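What follows is a single structure, written as structure tokens, with notes after it.
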2 protein chains.
Amino acid sequence: MFKGVFKIDKKIIESLDKAGYRLTQPRKAILEVMKENKGQHLTAEEVLLAARDKAPNIGIATVYRCLESLTSMDILYKTTFDEGKYRYELSDEEIHRHHHVICPACGKISEVEEDLLCSLEQHLEDQGYEVVDHHLKVYAYCPECIPK
Amino acid sequence: MFKGVFKIDKKIIESLDKAGYRLTQPRKAILEVMKENKGQHLTAEEVLLAARDKAPNIGIATVYRCLESLTSMDILYKTTFDEGKYRYELSDEEIHRHHHVICPACGKISEVEEDLLCSLEQHLEDQGYEVVDHHLKVYAYCPECIPK
DNA sequence: ACTTCATATGATAATGATTATCATATGGTA
DNA sequence: TACCATATGATAATCATTATCATATGAAGT
Ligand SMILES: [Mn+2]
Ligand SMILES: [Mn+2]
Ligand SMILES: [Zn+2]
Ligand SMILES: [Zn+2]
């Protein structure tokens, strides 16, 4: 098993191990970057720049590959705010993915931790679906931007 | 005002006129294509191919421009199913945008017309937000794909 | 119908994000 | 410490979308 690992959650280390991934320098750097930026939504380019402080030779291809595999094991969330590129953030601990509220005026992104989709999910289950995940973006003027 | 226009909803024609857009052959072709494919989600490329039957010389740049302006006046919805490209469909008549249910097994996309986000929207309004729109994708095994 | 001209178009180049390739490096195991 | 499958970094390739620009075309007015 991996040794000499600090800064990174044991649970994540175990997931990597279980999936047969090595804990390489680039992966360690990226995981640290994502942890240090909890609550933010970073592009691959932003991750690359931040990760270079920890692993100076890391390349963009590695960043993409790593973000992709971490996403596939639910360690990261991959989202888009319709800018033509993806953004990544550390997954929630809980089962339910949080929602995003985007202000059309100032562009600020807020998070909604509450699920509040029960009626929708119940509706689907009544029809024989089995819900596994969801992505909800709400466009809403934030309190500071409400047009008077 | 425009004359000799069949096949396209009067409401849409009026929106175009109000916004100062001309009713050109390419725009007519694209609107017809979108209407003929109601309920489907088309890529720019797919729209191009279908529109060529009606306007043989239409180019991809025009398709992108047109889809963009129609989206900006809410005649079309622009969505993505995380394939690295956008898809377009004719807007709903009602105020509320429908939701998408994507089956992780077969990839089928179903639509949910019911809103069912009342509690979520109420929650936001209680905090001073003013909701204007939302995009909801639910990932759910469809009845045919429920793993036994 | 004919003229006008601002808007729209089509061909094509440019951009930007992501993915593929491949020779080299490295992590975990024995 | 040696081994070798996995991972990496440099770089080219791909693919969707946007920008450019010379030409065409709608709507309005005659
Ligand atoms: Mn978030
Ligand atoms: Mn739809
Ligand atoms: Zn705001
Ligand atoms: Zn299915």
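Atom set for the values below is all heavy atoms of this structure, side chains included, hydrogens, waters and symmetry mates excluded. Note that the structure is a prediction, hence the values are computed from the model and not measured. Here is how names work: the chains are called A, B, and so on, in the same order as the sequence lines, proteins then strands, and each is numbered from 1.
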Between D:dA7 atom P and A:I30 atom CD1, what is the distance in whole Å? 13 Å
Close residues, residues 38-47 of chain B, relative to DNA chain D [heavy-atom separation under 4.0 Å]: none
Give each protein N/O atom lying under 3.5 Å from an N/O atom of nucleotides 9-11 of chain D, with the pair distance.
unit_1 : atom_1 : unit_2 : atom_2 : d
D:dG9  : OP1    : A:N57  : O      : 3.3
D:dG9  : OP1    : A:I58  : N      : 3.4
D:dG9  : OP2    : A:G59  : N      : 3.2
D:dG9  : OP2    : A:T62  : OG1    : 2.7
D:dG9  : O5'    : A:N57  : O      : 3.4
D:dG9  : N7     : A:R65  : NH2    : 2.6
D:dG9  : O6     : A:R65  : NH1    : 3.1

Could you tell me whether the phosphate oxygens of C:dT9, OP1 or OP2, come under 4.0 Å of any side-chain nitrogen or oxygen in B:T24? yes
Taking atom CD of B:Q127 and atom SG of A:C142, what is their separation to the nearest 0.5 Å? 12.0 Å
Measure from CG on B:L67 to P on D:dT17 and round the result to the nearest Å. 9 Å
Any side-chain heavy-atom pair of B:Y86 and B:T43 under 4.5 Å: no
Nucleotide D:dA16, atom P - distance to CZ of B:F81 in whole Å: 17 Å
Less than 4.5 Å apart, side chain to side chain, heavy atoms only: is that true for A:P26 and A:C66? no
Please find out if less than 6.0 Å separates the ring center of B:Y77 from that of B:H41. no
Rounded off to whole Å, could you give me the CG-to-P distance for the A:L31 and D:dA7 pair? 14 Å
Roughly, in whole Å, what's the span from CZ in B:R27 to C1' in D:dG26? 10 Å
On DNA chain D, more 5' by nearest nucleotide between B:K78 and B:Q25 is B:K78
A:R22 side-chain proximity, nearest of D:dT8, D:dT17, D:dT6: D:dT6
Rounded distance (Å) that lies between atom C1' of C:dA17 and atom CG of B:D82: 15 Å
Less than 4.5 Å apart, any side-chain heavy atom of A:L70 and any of A:L16? yes
Nearest 0.5 angstrom please: B:Y64 OH to B:L48 CG, how far? 9.5 Å
Check the phosphate of C:dT19 against A:Y64, side-chain N and O only, distance under 4.0 Å to OP1 or OP2. Yes or no? no
Examine B:V33 and B:M73 and state if one hydrophobic cluster contains both, with Ile, Leu, Val, Met, Phe, Trp and Tyr joined whenever side-chain heavy atoms are less than 4.5 Å apart. yes
Taking CD from B:E83 and P from D:dT17, how many angstroms apart are they, rounded to a whole number? 10 Å
With side chains defined as the heavy atoms from C-beta onward, is the minimum distance between A:H99 and A:H135 less than 4.5 Å? no
In whole angstrom, give the distance that lies between atom NZ of B:K85 and atom P of D:dT18. 15 Å
Would A:L49 end up clustered with A:M34 when hydrophobic side chains under 4.5 Å apart are linked, directly or stepwise? no
Overall bend - the helix from C:dA1-D:dT30 to C:dA30-D:dT1, comparing terminal axes fitted on five pairs, nearest 10 degrees: 40°
So, taking the atom named CD1 in B:I13 and the one named CG in B:L31, what distance separates them when rounded to the nearest 0.5 Å? 7.0 Å
Flag the pair B:E89 and B:K78 as a salt bridge only when some basic side-chain nitrogen lies within less than 4.0 angstrom of an acidic carboxylate oxygen. no
Ring centroids only, cut at 6.0 angstrom: are A:H96 and A:H134 within range, meaning strictly under it? yes
